[in-house]
Amino acid sequence: MARRLSRRVVTSFVAERLQEGDKSVVKQLAAYLVTTRQIRMLALYVRDIESSLAKKGDVIADVTTAFSLSAETKKHINAFVAAETGALSVSLREHVKSEVLGGLRLHIPGKELDTTVQRQLTTLRTQLKKA
Amino acid sequence: MTFYTTVAEATSGSGDLLSALGINWQLLIIQIVAFLLLVALLGRFVYPWLMKSVDQRQKDIEDAKNASIEAQRAAQQSQKDGEALLDEARREATDIVATAKQEASDIVSTSEEKSRLVAERIAKEARDDIGRDVEAARKQLRAETLELVALATEKVVGKVHTKKPDEALIAEALKESK
């Protein structure tokens, strides 16, 4: 059985290799997780790899909207993320969910921006209930 | 009869008076001495004892009489004491009855006051409960109204909001967030 390594060390190594363009490291990581029986930790590894990439200038942003994004809107979002994080390159991961009603929910490592109509309605509802 | 005859015959010779009377002076002297001796013996041994008994008897009678008088006086005193006690008891009974009446009256007054206070407290608690229930119902109604308004808003916005205004909304949000 393979020796277990620190998650930080593994994710940092994978992020470095990915930045160098070596995509085979993904398979190696999968093999490592299966061998060390850490499949359930996959989400955590992915998050940490994204954080490592973000520190190195490659930011992956999750965008949730009610409608699919147009090219112009994507451009605006890329510019916004680059300005906020100082990233050299920005990749968007789009999620279309009609229940957000409108606006966008943007999640980047260590930060979240939620301007959805659903969130605004929830905030309004909470404030009115407290009043 | 024989004795007298003998004495007469004996004294007829001497011819003296005592003899004529049929008295033998020697026998008389003996009888006198015997009588005196008897008196002396009685005086010495019988009379003191007899007198003592009589005195004792008299003393007992006197004592009994005194005791009787004393008992009579004690009975009179007891009767007086009894009457005094009865009077005292009547007075105390009257006092006790009066006190009991007063206490009963006080208890009734106190009970009425307590009942009034309890009734007021119960009424106040009921009013408070009703107030709280009304307030809770009002809050629940407000919350449910808010929920309904929010749901209605979501439905309306979901139907009327289209892609174009949404992009404008996103652009504005990004601009504001910078």
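Chain letters run A, B, ... following the sequence lines, proteins first and then strands; every chain starts at 1.
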Chemist: What part of A:Leu121 is in contact with chain B, defined as an atom under 4.5 angstrom from a non-hydrogen atom: side chain, backbone, both or neither?
Modeler: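 For A:Leu121, the contact with chain B is made by the side chain alone.
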
Chemist: I'd like to know if B:Leu169 and A:Phe67 are part of one continuous hydrophobic network [Ile/Leu/Val/Met/Phe/Trp/Tyr, side-chain heavy atoms within less than 4.5 Å].
Modeler: no

Chemist: Heavy-atom distance under 4.5 Å to chain B: side chain of A:Glu84, backbone, both or neither?
Modeler: side chain

Chemist: Please say yes or no: joined through hydrophobic side-chain contacts below 4.5 Å, possibly via intermediate residues, are A:Leu53 and A:Val63 part of one cluster?
Modeler: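 A:Leu53 does not cluster with A:Val63.
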
Chemist: How about CD on B:Gln140, more than 12 heavy atoms from neighbouring residues, nucleotides or ligands closer than 6.0 Å, or not?
Modeler: no

Chemist: To the nearest 0.5 angstrom, please state how far the CG atom of A:Leu113 sits from the CG atom of B:Leu174.
Modeler: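 So the gap between those two atoms works out to 6.5 Å.
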
Chemist: Evaluate whether atom CD of A:Glu72 has more than 12 neighbouring non-hydrogen atoms of other residues, nucleotides or ligands under 6.0 angstrom away.
Modeler: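 Open.
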
Chemist: Under a 4.5 Å heavy-atom cutoff, which of A:Thr115, A:Leu69, A:Leu104, A:Val117 has the most pairs with chain B?
Modeler: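 Among the listed options, the one with the most contacts to chain B is A:Leu104.
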
Chemist: Is A:Ile77 close to chain B through its backbone or its side chain, or both, or neither, when contacts mean heavy atoms under 4.5 Å?
Modeler: both

Chemist: So, taking the atom named CG in B:Leu151 and the one named CZ in A:Arg125, what distance separates them when rounded to the nearest 0.5 Å?
Modeler: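 B:Leu151 atom CG to A:Arg125 atom CZ measures 6.0 Å (nearest 0.5 Å).
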
Chemist: Do A:Ile60 and A:Phe80 belong together in a cluster built from hydrophobic side chains that touch within less than 4.5 Å?
Modeler: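 No.
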
Chemist: Would a distance-only check, ignoring hydrogens and angles, find a side-chain to backbone donor-acceptor pair under 3.5 Å from B:Arg142 to A:Leu128?
Modeler: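 At least one qualifying donor-acceptor pair exists.
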
Chemist: Contact part of A:Ser68 toward chain B, heavy-atom cut-off under 4.5 Å: side chain, backbone, both or neither?
Modeler: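 Both the backbone and the side chain of A:Ser68 come within 4.5 Å of chain B.
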
Chemist: Could you tell me which of A:Ala79, A:Ala83, A:Ser70 has the largest number of non-hydrogen atom pairs under 4.5 Å with chain B?
Modeler: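 Highest number of pairs under 4.5 Å: A:Ser70.
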
Chemist: For side chain to side chain contact (heavy atoms under 4.5 Å, CB included), just list the numbers for B:Asp166 and A:Thr73, CA-CA rounded to whole Å, side-chain angles, deciding distance to a tenth of an Å, and then say yes or no.
Modeler: CA-CA 10 Å; B:Asp166 188 51; A:Thr73 309; over 6 Å; no

Chemist: Spell out, yes or no, whether B:Leu21 and B:Ile32 are grouped together once hydrophobic residues are joined by side-chain heavy atoms under 4.5 Å, including indirect joins.
Modeler: yes

Chemist: Shared ILVMFWY cluster between A:Met41 and A:Phe13, side chains joined below 4.5 angstrom?
Modeler: yes

